[in-house]
Amino acid sequence: MTGVVSTDPDARRSVAGSRGPIWMVPAAVARPRHIDEVAAVVAWCAAEGLPLTPRGAGTGMPGGNVGRGLVLDLTAMDGLELRADGAMVAGAGAVAATADALARERSRHFPALPSSAPWCTFGGMISTDAAGARTFSYGPTHRWTDALRVVMSDGSIQTLRREAAPADSAPWAGLHATLRSLELPAPPAVRKNVSGYAVDRFLATGDPIDLIAGSEGTLVVVAEGTFRTEPLPESQGVALVGVPELDALPELTARAESSGASACEYFGRRLLELGRLLDDPRVSRLDVRAGALLVEYAGSPERVAAGLALWDDEAITASDPKTVGEIWGLRHAASPSIAHAAGDRRSIQFIEDAAVPRSALPAYLRGVQAALDRHGVDAVLFGHAGDGHLHINPLIDLRLPEWKETVRGVMEEVIDLVAELGGTLSGEHGDGRIRAGGLARIWSAPHCRAFRAVKAALDPQGLLNPGVVLGEQAADPLEGLAEGPDLQRLVKPILPSTD
């Protein structure tokens, strides 16, 4: 493994953190350049009994891209090819926005882009079945995936294609039969879900790609994929809609869906305040006591105009590219203002990805706010209301000695709330390490048995990303939380001096 695996301290620290709040320094890091080197590293880890964590650009939030064993950094595998038929062949390390830019040169695009597209990789997108604002109409990454080249837990290489049935290769046929025998109840009735393993989808289609998508590197290592693109829409338009009360959200989001909107995004009232968006004249004329919705339409100019006309009396609408970009920019421009307003507090994403039935959105938002209030925590709420999927970003003062218990208390209450409302803990970012311990409170006992059967069949040694998705017995879901140097600098001012 010379030249591929390193135990250099700086190399190990470079993959210890991520965009999320979990920090873990691995024992080693490997940076393969092609699939044969990936297979060699995986086989070596299997022989040595060394756990490994596949990783792309580190944009994942809940800790599924850090680990204590060997981190398999796939960013060097960044090959890209746009075929004549519009299919994109992308290495695991290829950056999503780079691929989309290549497609746009031919008037095509990849619709399932997440907001992290400028940095995230295709391997990471499959790992979490990534989604974004336009998942509302286009669906997440797995719907746009036609083939995968993967390395199994023993180091063998498989090529999986949509047209192939699971009976064509082991171990998929046996696993499919095992899952059929479990007589699983219906999963949570949500529009988006990447919590647990997609056993219901795999049972319905028999396609291994549908099971691998969202499995967070715990079942196989994805080395390359083939993804569909589609022609760019002729036109786009947006409506910025005021939300006068939370109880209006189910009707407003249902209207967006029935009218063919491509996106339906929510700005919580606190985001509008901290992001200083209430000062924008386009926002101040709306009734935003409970926030605002950004509804987008895409397609022919006639279709866009018809969609926007449905909101004329209660929204600001625009279809010229400049204003459309400015209104979308309201959400993106809010982040720096929020960071400034937060002061010494930090956004710690530990309850940030739950999805509930759309009809339950008002109860969910009220319940989350009540939990935050009980623990004295401020938070910013936003996200994909059209899918019943919102991002909750609590602002935590890490200088307070009890901050971690505050985090734990809020997390426990929100897990109970999601279970009560028939939701799921992750709509697009994955369970990672933070949410893995809560699965048994959300999923039925037969589903939990199915998850364990999937893991046992595909990773019998349990070396692929242990502690992620299923968690480990007696593991603390907050292990490694805010231990990175960027976050720890906020703790130091109140610690006793050791000079």
Side-chain angles (χ1 to χ4, degrees), residues 16-24 60-68 195 268 270-271 274 335 338-339 341-356 364-383 390-421 423-427 429-442 467-469 471-472 474-495:
S18 69
R19 189 179 176 188
I22 300 294
W23 174 269
M24 290 184 175
M61 306 293 282
N65 47 14
V66 296
R68 301 292 189 193
S195 183
R270 192 67 176 126
L271 184 147
L274 287 180
S335 296
I338 292 166
D344 285 335
R345 298 172 299 171
R346 292 300 297 264
S347 177
I348 304 293
Q349 299 88 2
F350 58 94
I351 53 166
E352 48 80 42
D353 199 42
V356 297
Y364 176 64
L365 286 167
R366 290 190 179 103
V368 167
Q369 190 60 59
L372 294 167
D373 290 345
R374 277 190 289 272
H375 293 275
V377 175
D378 194 6
V380 176
L381 290 73
F382 64 96
L390 297 179
H391 297 310
I392 315 297
N393 282 232
L395 304 177
I396 303 295
D397 190 341
L398 301 184
R399 299 170 301 169
L400 300 176
E402 70 277 10
W403 75 265
K404 188 168 282 192
E405 290 313 307
T406 297
V407 165
R408 198 181 303 276
V410 172
M411 185 170 68
E412 291 295 310
E413 289 193 36
V414 171
I415 291 174
D416 286 342
L417 174 66
V418 172
E420 178 187 337
L421 296 176
T424 181
L425 293 179
S426 180
H429 292 162
D431 294 311
R433 298 179 181 281
I434 293 176
R435 290 183 274 272
L439 262 65
R441 291 154 66 181
I442 301 293
V468 173
V469 180
E472 295 176 297
D476 183 354
L478 302 186
E479 180 190 0
L481 184 69
E483 292 183 5
D486 182 52
L487 291 171
Q488 276 295 300
R489 66 180 177 79
L490 293 179
V491 180
K492 292 178 182 177
I494 65 166
L495 293 177

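Just so we're clear, the structure is a prediction, and the values are computed from it rather than from any experiment.
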May I ask you to test the W23-V66 pair for a side-chain heavy-atom distance under 4.5 Å?
-> no

What closest approach, in Å, do P394 and A379 show between heavy atoms, and which atom pair accounts for it?
-> CA-CB, 3.7 Å

Distance, nearest 0.5 Å, that separates CD1 of I351 from NE2 of H391 = 12.5 Å

How far does CG of L395 sit from CG of D378, to the nearest 0.5 angstrom?
-> 5.0 Å

Hey, does D431 have a side-chain heavy atom less than 4.5 Å from the side chain of L439?
-> yes

Closest non-hydrogen atoms of A355 and G427, given as atom of the first, atom of the second and distance, are CB-CA, 4.3 Å

Looking at N393, I396, I392, which hits side-chain contact (heavy atoms from CB on, under 4.5 Å) with F350?
-> I396

Are D476 and K404 ion-paired here, with the side-chain N under 4.0 Å from a carboxylate O?
-> no

If we only count heavy atoms from C-beta on, is the P477 to M411 side-chain gap below 4.5 Å?
-> yes

Under 4.0 Å between a Lys/Arg side-chain N and an Asp/Glu carboxylate O for R408 and E413?
-> no

For the student: nearest non-hydrogen atoms of G432 and A436, plus distance | O-CB, 3.5 Å

Can you name the nearest heavy-atom pair linking L481 to W403, along with the distance?
-> CD2-CZ3, 3.7 Å

Sorted by chain and number, sequence neighbours left out, side-chain hydrogen bond (donor to acceptor under 3.5 Å, both in side chains) with R19 holds for none

With rounding to the nearest 0.5 Å, note down the distance linking OG in S195 to NE2 in H429.
-> 13.5 Å

Salt bridge check: are R441 and E412 linked by an N-O gap of less than 4.0 Å?
-> yes

Strictly by modelled atom types, are S426 and D353 linked by a side-chain donor-acceptor pair under 3.5 Å?
-> yes

Spacing of Q349 atom CD and M61 atom CE [to the nearest 0.5 Å] | 3.5 Å

Tell me, please, which residues at least two apart from Q369 pass side-chain hydrogen bond (donor to acceptor under 3.5 Å, both in side chains).
-> D373

Would you say the side chain of L381 lies within less than 4.5 Å of the side chain of L390, judging by non-hydrogen atoms?
-> no

Rounded to the nearest 0.5 Å, how far apart are CD1 of I415 and CD of E420?
-> 14.0 Å

Non-hydrogen side-chain atoms of E479 and R68 separated by less than 4.5 Å = yes

Sub-4.5 Å side-chain heavy-atom contact between M24 and R433 | yes

Indicate yes or no: at least one non-hydrogen side-chain atom of N65 is less than 4.5 angstrom from one of S18.
-> yes

Drop me the distance from F382's CZ to E352's CD, to the nearest 0.5 angstrom.
-> 8.5 Å

Is there a side-chain contact between L400 and T406, using heavy atoms and a 4.5 Å cut-off?
-> no

